[in-house]
There are 2 protein chains.
Amino acid sequence: MDLGFSREGAVDAPLDRAARHLEFDQRATVIDEGDEARFIYLILEGAVMMSKLLPDGRRQIIELLGSGDVFGITTTDTHDCCVETLRPTRILCYDRKTVDGSQSLQSLITERMKAQICALHDHAVLLGRKSAIERVATFLMRIVPGRGGSGCIGGPRKEDNANVRVPLTRQEIADYLGLTLETVSRAFSHLKRDGLLVYGRHDEVTIVNVCRLCQHTGSH
Amino acid sequence: MDLGFSREGAVDAPLDRAARHLEFDQRATVIDEGDEARFIYLILEGAVMMSKLLPDGRRQIIELLGSGDVFGITTTDTHDCCVETLRPTRILCYDRKTVDGSQSLQSLITERMKAQICALHDHAVLLGRKSAIERVATFLMRIVPGRGGSGCIGGPRKEDNANVRVPLTRQEIADYLGLTLETVSRAFSHLKRDGLLVYGRHDEVTIVNVCRLCQHTGSH
DNA sequence: CGCGGACTTGATCTGTCTCAAGTGCCGTGG
DNA sequence: CCACGGCACTTGAGACAGATCAAGTCCGCG
């Protein structure tokens with residue numbers, strides 16, 4: 001079973017001979033705010049979160065990324081956000097100069113960036129206009145492999161449950177969804193009470209009926 | 001005086017012979033949700049807003065774009081957001097095929113996309129974590145030509161006022177900032193009462209001290 | 001068994017939304 | 001030239017979703 005934030009299929013990495021291969025454990029820091037922006041990163045396997053801090057400590061998690069996604073993109077010469085792994089993660093690390101010189105690498109990155117822009121658009125709608133329950137439902141939908149995108153495929157079906165791992169703490173989910181930890185917890189409880197969710201072991205959750213959950217995202 | 005959402009300097013447009021030139025009035029629709037995604041657009045002059053709707057009518061304005069910015073980017077074959085002009089606007093309109101064939105055009109677009117991703121990151125922080133006043137202050141800062149970016153340049157100065165045009169209605173600002181029209185209006189009144197803002201004619205506003213306003217953005 | 005961290009749940013508070021009047025401004029038509 | 005209407009905006013009062021504060025509870029681990 002897939003663990004979310006990832007596209008299906010293998011990641012084809014051009015010029016991987018020219019790249020540095022990095023391996024990280026769970027909860028490792030890949031980039032810190034202020035780091036010099038020398039590299040572009042491509043996730044081969046795993047998942048990371050990208051976050052920004054306000055001076056008074058408020059945090060917003062800005063993107064959740066999985067295999068195939070790129071990060072380290074900036075217009076300045078330092079990074080303005082930090083990136084941490086959510087799971088053990090393998091990353092390819094290209095020097096900017098390498099990227100500038102490679103046509104195929106550039107078009108791979110551009111393609112990824114397009115997808116990420118679309119995701120950021122959707123996330124802006126979530127942050128700007130959705131209720132707490134809708135945010136959590138949308139978040140859960142995004143974790144379901146192959147269903148996070150534009151929504152329901154086909155009509156509601158009898159058997160449509162999904163077992164997902166949620167590799168984020170409540171606080172992290174809150175920081176991603178622009179809520180507090182308590183509100184996220186209450187939303188989970190609410191969805192559970194309504195029979196949409198069943199908790200499993202550890203960080204596992206069963207979505208009883210994906211299509212029914214989807215009705216709560218506000219997007220359908 | 002600059003009207004905001006725009007970088008300084010001329011827009012150099014590669015392959016402009018291959019592109020269609022479009023001119024729009026104020027408040028014209030360039031793209032509607034559901035339109036076929038055949039083109040990539042480059043703003044030569046003017047400003048547009050890109051927005052998304054939820055099925056129940058809630059709207060989020062996702063990006064404000066000015067000269068040099070690109071739009072029409074999507075991973076699907078239809079557009080999932082709509083784009084309207086805020087001012088009379090001249091746009092270059094490239095066929096996707098043209099873009100795919102041109103190295104220089106692609107790198108221009110990639111460069112713009114990077115900047116837009118950074119802007120979307122900042123906007124996510126705003127939507128997820130900032131108070132109403134901070135949102136409005138940040139928005140106003142963004143409109144000040146050359147100051148919208150990473151923040152204060154140098155320390156506070158005596159003379160640091162700026163005259164800006166706000167080519168959006170309160171409702172549009174609200175939809176951009178994830179607030180209601182009334183809350184935006186109250187925030188404006190609040191900033192005015194504190195002597196940070198003076199209203200001019202029409203949609204003109206004088207920011208009495210840019211650096212002082214900047215202190216209210218939450219980012220400094 | 002007991003500790004600590006993540007999570008849940010409850011009670012209360014508050015910033016923003018909602019609803020409802022205004023006010024001011026501009027263009028139109030008498 | 002002024003009355004009128006419409007629209008954008010402002011302002012107030014009250015409601016409410018989510019934040020904050022404060023106990024718990026659960027569970028893995030030493």
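Since this is a predicted model, take the numbers as computed values, not measurements. Below, chains carry the letters A, B, ... as their sequence lines are ordered, and counting in each starts from 1.
Note on ring orientation: taking the six-membered ring where Trp is involved, the planes of A/His123 and A/Tyr176 are parallel (angle under 30°, cut-offs 30° and 60°).
Going from atom CG of B/Leu168 over to atom C1' of D/dA8 covers 14 Å, rounded to whole Å. The CZ atom of A/Arg129 sits 13 Å away from the P atom of D/dG18 (whole-angstrom rounding). Here C/dC26 presents its P atom at 11 Å from CG of B/Asp203, a figure rounded to the nearest Å. Straight-line distance from the CZ atom of A/Arg58 to the P atom of C/dG15: 13 Å, rounded to whole Å. At whole-Å resolution of the value, CG in A/Leu181 and P in D/dT25 are 18 Å apart. Rounded to whole Å, the distance from NE2 on B/His190 to P on D/dT11 is 13 Å. Here the C1' atom of nucleotide C/dA6 and the CZ atom of A/Arg27 are 12 Å apart, to the nearest Å. Atom CD in B/Glu172 sits about 15 Å away from atom P in D/dC7, given to the nearest Å.
A residue-by-residue look at B/Val184 and A/Thr180 shows that B/Val184 has its nearest nucleotide of DNA chain D further toward the 5' end.
Within the model, atoms CD1 of A/Ile31 and OH of A/Tyr41 stand 4.5 Å from one another, a figure rounded to the nearest 0.5 Å. For the atom pair B/Leu140 CG and B/Ile173 CD1, the distance stands at 7.5 Å (nearest 0.5 Å).
Looking at B/Arg186, its side chain comes within 3.5 Å of the base of C/dT18 through a donor and an acceptor atom. Side-chain atoms of B/Glu182 and base atoms of C/dC19 include a donor and an acceptor less than 3.5 Å apart.
OP1 or OP2 of C/dT9 lies within a sub-4.0 Å distance of a side-chain N or O belonging to A/Ser189. OP1 and OP2 of C/dG24 both lie 4.0 Å or more from every side-chain N or O belonging to B/Tyr199. A close approach under 4.0 Å does not occur between any side-chain nitrogen or oxygen of A/Thr183 and OP1 or OP2 of D/dG18.
Across all strands shown, B/Arg201 has heavy atoms under 4.0 Å from sugar-phosphate atoms exclusively, and none from any base. At the heavy-atom level, A/Leu179 lies under 4.0 Å from the strands shown only through sugar-phosphate atoms. Backbone-only engagement by A/Thr169 is indicated by non-hydrogen atom pairs under 4.0 Å involving sugar-phosphate atoms exclusively.
None of B/Val198, B/Val144, B/Asn163 except one satisfies the side-chain contact (heavy atoms from CB on, under 4.5 Å) rule with B/Ile207; the exception is B/Val144.
For the residue pair B/Asn161 and B/Val208, the shortest heavy atom distance occurs at CB-O, 3.0 Å.
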